[in-house]
Visitor: 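Sharing a structure, written as structure tokens. Questions coming.
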Amino acid sequence: MDNITTAIKLIPLEHYVFLCFALFSIGVFGILFRRNTIVMLMCIELMLNSVNLLFTAFSAYRSDAAGQVFVFFIMVVAAVEVAVGLSILVMMKRNVNSVDVNLLNKLKN
Amino acid sequence: MLTLITIAATGIIILYTTFFKSRKLLVPIAITGALTALAFNISDWNTNQLLFNNMMKIDNYSVAFNSVMILSLILILLLSHQYFKGVDKNVSEIYSLLFFSFTGACLLTSFNNFTMLFIGIETMSIPLYVLAGSKKFSIRSNEASFKYFIMGSFATAIFLLGVALVYGVTGSFNMSEVSEYISATAKISSLMKLGILFIVISIGFKIAAAPFHFWAPDVYEGSPTLVTTYMATVVKVAGIAALLRLLTGCFIGAAAEWQHILEAFIILSFVIGNFGAIQQQSVKRMLAYSSISHTGFMLLAIIAINQFSASSLLYYSLSYSLATIAAFAVLILVKNYKNSDASYESFNGLAKHNPFLAFVMLTAMLSMTGIPITAGFFAKYYVFLASVKSGYSWLVICAIIAALVGVAYYFRIIINMYYKESNSEKIIKDNYFVISLIIATAITLAVGILPQFIIGLI
């Protein structure tokens, strides 16, 4: 464990922060601009995992285990969200035979 | 803690009733569970316990908000018997999902740690994604479910980024430790500011505060009406209570940072909520927009952040929940009877053959507008008082204008009910439904006449 944290600390903390923000932004743009719902689900995963990376980096730099424990909670919730999200997609696919988000426009003024 | 256990256990018990094919028992079991939880909850009054290694803090604030939410839950459960009459499959799952979601709502009022806040938000939201889509073969329900899911997950990710930044700066998830760190440092670092911004924005998503409201009208319209009622009352109250708890318990030292964000939330909620509501032809969508405007009023109590904030917010939550439940209940009946899209016209002449329903709707609409002797008047009064005391007079003036604009769409229903003719007949409603309507209306009037009972509590 010790050599892992020293290995993590070899890279400056700022680099981790920038990397996480970059990954997070890719996820945000994916959700905003991709029209395929499965890709949108993947983008949510990307956002959550970039946050996981940030937690791990902070946790290693502070030598505090709480951040890494939080990562487990995020992983569990991410798994649950994907399960629910995919089942919603299956339901949609059965009804409209497509997973394109543009078909979801029945609710308008 | 017993409250939480009771709620979660009731959810599991309801799940098992499927084996006994006893539809009649569903609502009694659910209501017994909720009432037991209410009793345990009230027995926690004045105890101030720290639970789960300081992760949860049961104090009078959480007990009061839990009671309001359990009351809303009971009223919604009473409505559910008639609502699910035509549905023959998977009804018990819907009830248990409601209870599981409610477990998260209880966590949201009593967290003392960011971990608990995160778990609370997720436990509350994830069953709701399923509930929103519980009309499996309706494409509108699918759409509502998917939109809610994407927006909710998006907000969760933003929330987690905010928590990560706060953790990176302070090195702790505990609210009091973060609060001590903020008060000890002279200058708040920009990462911390960004973290606070992200956290407040993500809760803004959950409570449908403008400009993060855009999912709300669609989701409210597409979901089954009973689920919409739950979303508009319990979920919103839990989110708002969590926000106040977070800001007072944790970020009070950085008030200057988030007060600007909340100012923008409030003004935009008033503008978008009211002008959105005026334009709607469907009452369900109108109620969705009006709930956005009510979020603005509730945020007004939070932005004041003084000793009146908690009590005025509690009072507003109670009056708003009761009025919303009553309005949605009448809407359910009218919508099912006319089999319509719940336009304003379907309310025409309701008072002639259904004077009780019309009276319930009248009280609800008057309470939402804020007319005296209903709870809504003092709710708005105390919220305004709290924010004037903190020097937000200009926001109060905006709020009064917003309340006046609200007359336009709330009174439209009243006029349609009482002054328009139509050939409607008596609408059939079962006993549970009537009890729920009577309780909601009676408490609205009682609390409106004697506000000091609630306002002096916390």
Side-chain angles (χ1 to χ4, degrees), chain A residues 13 16-17 20-21 24 27-28 31-32 37 40-41 43-59 61-64 66-67 69-74 76-78 80-85 87-96 99 101 103-109, chain B residues 113-116 118-119 121-123 125-130 132-133 135-154 156-165 167-174 191 194 217-223 276 279-282 285:
Chain A
L13 184 59
Y16 285 107
V17 177
C20 293
F21 270 88
F24 195 87
V28 171
I31 288 183
L32 294 179
T37 42
M40 289 168 90
L41 275 184
C43 289
I44 284 175
E45 282 301 291
L46 188 61
M47 289 163 81
L48 291 178
N49 283 325
S50 77
V51 175
N52 280 350
L53 184 59
L54 194 56
F55 269 118
T56 325
F58 280 138
S59 169
Y61 264 84
R62 294 192 158 271
S63 310
D64 174 33
V69 175
F70 202 98
V71 169
F72 284 107
F73 285 107
I74 301 179
V76 171
V77 164
V80 174
E81 275 191 350
V82 166
V84 170
S87 54
I88 294 171
L89 284 192
V90 170
M91 209 164 64
M92 238 173 75
K93 170 87 178 156
R94 275 185 190 160
N95 282 336
V96 292
V99 287
V101 82
L103 288 170
L104 295 178
N105 55 2
K106 306 286 180 296
L107 298 167
K108 282 272 160 64
N109 307 348
Chain B
N113 190 306
F114 280 110
T115 321
M116 241 8 173
F118 169 61
I119 295 173
I121 290 181
E122 286 309 296
T123 318
S125 304
I126 290 173
L128 269 177
Y129 305 148
V130 184
K135 271 188 188 165
K136 266 201 284 189
F137 299 104
S138 146
I139 176 73
R140 297 158 71 86
S141 182
N142 291 355
E143 181 182 345
S145 173
F146 187 74
K147 275 187 177 158
Y148 197 33
F149 169 74
I150 286 290
M151 283 308 141
S153 314
F154 194 70
T156 304
I158 293 174
F159 172 78
L160 286 172
L161 188 61
V163 174
L165 294 178
Y167 171 71
V169 176
T170 63
S172 171
F173 290 117
N174 192 296
L191 272 187
L194 205 57
D218 288 354
V219 171
Y220 281 22
E221 192 193 351
S223 311
Q279 291 167 1
Q280 300 310 315
Q281 293 309 311
S282 146
R285 266 186 104 84

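Naming convention: chains lettered A, B, ... in sequence-line order (proteins, then strands); numbering from 1 in each chain.
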Visitor: Examine whether an atom of A:Thr37 lies under 4.5 Å from a heavy atom of chain B, and if so say whether it belongs to the side chain, the backbone or both; otherwise answer neither.
Guide: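 Contact with chain B: backbone and side chain both.
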
Visitor: What is the minimum heavy-atom distance between B:Ser145 and A:Ile88, and which atoms define it?
Guide: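 What the structure gives for the nearest pair is OG-CD1, 3.2 Å.
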
Visitor: Looking at B:Ala157 and A:Val51, what are the two nearest heavy atoms and their distance?
Guide: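 The pair with the smallest heavy-atom distance is O-CG2, 4.1 Å.
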
Visitor: Looking at B:Val130, B:Val219, B:Val169, which one has more heavy-atom pairs under 4.5 Å with chain A than the rest?
Guide: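 Of the candidates given, the most pairs with chain A belong to B:Val169.
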
Visitor: Is A:Leu54 close to B:Leu165 at the side-chain level, that is, under 4.5 Å between some pair of heavy atoms?
Guide: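 The answer is yes; the side chains approach within 4.5 Å.
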
Visitor: Do the non-hydrogen side-chain atoms of B:Leu194 and A:Phe21 ever get within less than 4.5 Å of each other?
Guide: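 Contact flag for B:Leu194/A:Phe21 side chains = yes.
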
Visitor: Select one option (side chain, backbone, both, neither) describing which atoms of A:Ser59 are under 4.5 Å from chain B's heavy atoms.
Guide: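 The answer is both parts of A:Ser59.
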
Visitor: May I ask you to test the A:Ile44-B:Ile150 pair for a side-chain heavy-atom distance under 4.5 Å?
Guide: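 A side-chain contact exists here, since the closest heavy-atom pair is under 4.5 Å.
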
Visitor: Determine whether the aromatic ring centres of residues A:Phe70 and B:Phe114 are separated by less than 6.0 angstrom.
Guide: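 No - the distance between ring centres of B:Phe114 and A:Phe70 does not fall below the 6.0 Å cut-off.
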
Visitor: Residues two or more places apart in sequence or in another chain: which of them pass side-chain hydrogen bond (donor to acceptor under 3.5 Å, both in side chains) with B:Ser153?
Guide: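 Counting only residues at least two positions away or on another chain, B:Ser153 forms no side-chain hydrogen bond (donor to acceptor under 3.5 Å, both in side chains).
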
Visitor: Considering all heavy atoms of both residues, which atom of B:Glu122 and which atom of A:Val77 are nearest to each other, and what is their separation?
Guide: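 Heavy-atom minimum between the residues: OE1-CG1, 3.3 Å.
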
Visitor: To the nearest 0.5 Å, what is the distance between OG1 (B:Thr156) and CE (A:Met47)?
Guide: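 If we round to the nearest 0.5 Å, B:Thr156:OG1 and A:Met47:CE are 9.0 Å apart.
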
Visitor: Please classify the contact of A:Val101 with chain B as side chain, backbone, both or neither, using a heavy-atom distance under 4.5 Å.
Guide: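 When you check distances to chain B, only side chain atoms of A:Val101 fall under 4.5 Å.
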
Visitor: Hey, are the side chains of A:Leu89 and B:Phe146 touching, using non-hydrogen atoms and a 4.5 Å cut-off?
Guide: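 A side-chain contact under 4.5 Å exists here.
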
Visitor: Is a side-chain N or O of B:Asn142 found less than 3.5 angstrom from the main chain of A:Lys93, in a donor-acceptor match?
Guide: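 No, B:Asn142 side chain to A:Lys93 backbone: no donor-acceptor pair under 3.5 Å.
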
Visitor: Give, for atom OG1 of B:Thr115 and atom CZ of A:Phe72, the distance between the pair rounded to the nearest 0.5 Å.
Guide: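 Separation between the atoms: 13.5 Å.
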
Visitor: Distance from A:Phe24 atom CZ to B:Leu161 atom CG, nearest 0.5 Å?
Guide: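 A:Phe24 atom CZ to B:Leu161 atom CG measures 4.5 Å (nearest 0.5 Å).
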
Visitor: Could you look at B:Ile119 and say if it's the side chain, the backbone, both or neither that has a heavy atom under 4.5 Å from chain A?
Guide: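 Answer is side chain: those atoms of B:Ile119 sit under 4.5 Å from chain A.
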
Visitor: Using atom types as modelled and distance alone, determine if a side-chain donor or acceptor of B:Tyr129 lies under 3.5 Å from a backbone N or O of A:Val84.
Guide: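 No; judged by distance alone, with no hydrogens or angles, the pair does not exist.
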
Visitor: Please classify the contact of B:Phe173 with chain A as side chain, backbone, both or neither, using a heavy-atom distance under 4.5 Å.
Guide: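 Contact with chain A: side chain only.
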
Visitor: Check each atom of A:Ile74 against the heavy atoms of chain B and say whether the ones under 4.5 Å are side chain, backbone, both or neither.
Guide: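 Both backbone and side chain of A:Ile74 come within 4.5 Å of chain B.
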
Visitor: Does any part of the side chain of B:Phe137, heavy atoms only, come nearer than 4.5 Å to the side chain of A:Arg94, both counted from C-beta?
Guide: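 Answer no - side chains too far apart.
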
Visitor: Is the shortest side-chain heavy-atom distance between A:Phe73 and B:Leu160 below 4.5 Å?
Guide: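 No - every pair of side-chain heavy atoms lies 4.5 Å or more apart.
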
